[in-house]
Amino acid sequence: MSFFESHFIYGFFVALLMIGLYGAIAKVNLVKKLIGLSIFQTAIILFYVSIGKKDGADIPILPYDHGHSGHMLAPMAEQYINPVPHVLMLTAIVVGVATVGVALAVIQRIYAEYGTVEEDLILEKIANS
Amino acid sequence: MSDQLIILVIVWPLLTGVVTSLLPANKRLMTLWGSLNLVALNGLAAALLLRVVSQGTLIYTVSGWNRDPADALSLGIELKANIFCGFLSCLIAAVALVGFLGGVCTWDRQVGHRLPHFLALFFLLVAAFQGLCLSNDAFNLYVMLEISSLATYGLIAFGGGRAYLATFHYIVMGTIGASFYLIGVGYLYIKTGTLNITDLADSIASQQLSKAFVLALAFLVTGLLLKMAVFPLHFWLPNAYTYAPDATSVLVAPLSTKLAVFLMFRILDDLFIGVIPKSLVSWSWAVVFLASFGILAGTSLSLAQRDLKKIFSCLIVAEAGYMLGGLWLSDSRGTIGALFHLVNDAVATLALFLVVIAVQQSVGGRNLHDVKGLFQRSPLTVLALILVSFNLIGVPPSAGFFSKATLLTGAVASGHYQFVVALLLASLGNLVIFFRIIEVAYFNPIVAEEGESALSLDGQRAGALAAAVAASLYLIGLSSYNIMETFIKPVVSL
């Protein structure tokens with residue numbers, strides 16, 4: 001496998017991460033900031049999911065009624081992709097959803113309070129009041 | 001039952017929060033229910049500490065996922081309580097109880113009928129703090145960090161008005177910080193294949209310190225710097241803490257950034273034992289320089305404010321610099337001083353934000369010109385203010401003196417003189433900040449108008465509570481030698 005093939009996913013991860021970070025920091029519109037933040041978090045999820053991959057490995061579901069205990073299956077570990085990063089990301093996705101939910105609720109309150117979601121206009125209104 | 005103490009300390013406030021959200025919004029019922037549960041939590045944390053003192057470090061495997069008998073690697077999530085974790089757990093429980101009682105008188109004004117939801121988040125936050133303190137799993141720490149942040153976002157947004165925008169900024173910065181931490185954990189996982197901190201430390205010690213580890217450390221540290229609100233990354237903090245309801249800031253301000261400091265300590269001292277000071281000397285210079293700059297910047301920011309709550313919030317930014325610098329001095333006295341300062345600063349910040357409540361209740365405002373006549377109306381509040389100010393300036397029998405002295409010894413021994421200068425200048429800055437407030441409060445009396453009652457009962461109570469907390473700083477100071485020897489030195493491995 002060439003360097004590009006084996007490392008391209010990391011390049012993709014970093015590019016996505018930077019797009020998200022740029023959006024979260026540089027955008028003036030609060031909703032766009034939030035979208036940037038979501039991209040940022042998704043990039044990390046993608047990165048974690050890619051960690052678990054192995055060449056030629058199967059999904060980590062053990063056949064039912066195998067007749068072996070867990071320890072006897074352990075030598076076959078290379079036949080299955082690593083499920084731990086995927087399971088971790090289930091939790092991270094939940095955290096991400098909760099963050100976006102809270103942020104959207106807060107944006108809604110900001111809109112009700114100032115009538116706009118453009119940060120510069122909000123700051124202007126705060127400075128004038 | 002007693003084997004389950006560690007998990008109970010986390011689960012108790014969590015379940016309390018769930019039940020609280022179902023209860024009616026009755027102030028007296030809530031006060032009773034909340035304080036009973038927090039007293040119980042204090043009991044559990046104290047029992048945990050006693051157990052750790054008598055039996056040494058406790059390890060608890062969640063759901064019985066014991067270590068693999070073949071290679072002794074961890075399979076599930078572990079909780080670990082060493083002697084400092086036990087102490088910190090007691091501190092969290094105590095701050096939560098005092099903060100809860102101090103906040104009761106502000107509920108009517110700032111929280112209203114949404115009280116059950118507010119308190120549900122309050123208890124969730126306490127549970128997350130306990131989890132941050134006791135977890136021994138790098139990913140579980142991320143989850144606890146995010147739970148504490150999410151609960152804090154909700155609690156701050158209860159402030160309404162300006163608090164919404166401050167909350168949004170906090171959400172953006174907090175999420176970026178936690179995500180950086182998560183990337184760092186990912187790099188460590190790739191290199192070691194484990195998330196358990198003890199196993200990670202063993203694995204790191206046995207491998208060459210490759211670029212991936214350095215990068216992982218950079219991500220972890222940057223993420224935590226955001227959570228700690230060290231100077232250039234601080235801008236979310238003052239507004240968020242100022243516009244939050246008083247009942248929120250009294251819990252969040254003393255503990256939130258301090259637990260990020262504790263996490264930083266775990267990373268430097270538990271994960272990368274001894275690896276950093278040897279191979280990354282230039283880093284420690286850069287970080288200590290950043291910390292010194294942060295101390296001065298935080299103090300100057302604080303000097304420029306006129307709102308009491310904002311003055312104290314900016315001081316938190318400066319205090320984060322003290323602890324960050326201490327941890328990175330690559331000297332054991334620096335680390336000990338930083339951890340002792342963590343304890344001292346949590347109590348001092350609690351006292352400061354109780355003073356804010358007392359001022360608000362006694363004179364009806366918290367601007368610098370509002371505190372005029374405070375001494376007539378609530379002498380205990382002024383007493384608390386004086387006691388805390390001595391602590392922050394570093395007058396001898398206070399805890400602040402001993403933590404600063406230890407930090408200074410470490411800084412001089414390791415040759416970080418810019419840190420020494422920053423510490424001393426910050427003490428001078430604190431002197432100006434506090435005497436400006438005390439001068440107005442003491443020397444500018446007001447003439448009470450006809451029919452106006454001079455004393456507000458809530459203000460008196462909050463003032464008394466603040467004075468008691470401030471006085472405890474001197475107790476901590478007087479027993480500083482014992483605290484450092486018993487609770488802090490055994491866990492510092494540097």
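Here is how names work: the chains are called A, B, and so on, in the same order as the sequence lines, proteins then strands, and each is numbered from 1.
Here the straight-line distance linking atom CG of B:L182 with atom CZ of A:F47 works out to 9.0 Å at 0.5 Å rounding. The OH atom of B:Y142 lies 9.0 Å from the OG1 atom of A:T91; values are rounded to the nearest 0.5 Å. B:R162 contributes atom CZ, which lies 4.5 Å from atom CD1 of A:I126 (distance to the nearest 0.5 angstrom). Put simply, CD on A:E119 and NE2 on B:H169 are 3.5 Å apart, with the number rounded to the nearest 0.5 Å.
Residue B:F235 qualifies as enclosed at atom CZ: its count of foreign heavy atoms under 6.0 Å is above 12. Other residues, nucleotides and ligands contribute at most 12 non-hydrogen atoms within 6.0 Å of the NZ atom of A:K32. Surrounding OH of B:Y60 are more than 12 heavy atoms belonging to other residues, nucleotides or ligands, all under 6.0 Å away.
Both the backbone and the side chain of A:L30 come within less than 4.5 Å of a heavy atom of chain B. Only the side chain of B:L150 comes within contact range of chain A, judged by heavy atoms closer than 4.5 Å.
With chain A as partner, the option from B:G154, B:A157, B:G161, B:A163 having the largest number of non-hydrogen pairs under 4.5 angstrom is B:G161. When each of B:I171, B:L195, B:V185 is scored by its heavy-atom pairs under 4.5 Å with chain A, the top score falls to B:I171. In terms of non-hydrogen atom pairs under 4.5 Å with chain B, the most contact-rich of A:I25, A:L17, A:I44 is A:I44. Comparing A:L88, A:I51, A:L21, A:V94 by how many heavy-atom pairs each has under 4.5 Å with chain B, the most go to A:L88.
When all heavy atoms of B:Y189 and A:P85 are compared, the closest pair comes out as CE2-CG, 3.8 Å. Of all the heavy atoms in B:I176 and A:F40, the pair that sits closest is CA-CE2, 3.9 Å. Looking at every heavy atom in both residues, A:K33 comes nearest to B:F168 through CD-CE2, 3.7 Å. Nearest approach of B:V172 to A:A24, heavy atoms of both residues: CG1-O, 3.9 Å.
Between A:V87 and B:F139 the shortest side-chain heavy-atom distance does not fall below 4.5 Å. Side chains of B:Y164 and A:I107 form no contact here, defined as non-hydrogen atoms less than 4.5 Å apart. Looking at heavy atoms from C-beta onward, A:V102 lies out of side-chain contact with B:T167 at the 4.5 angstrom threshold. Inter-residue side-chain proximity for B:I183 and A:Y48 is flagged as unmet; no heavy-atom pair is nearer than 4.5 Å.
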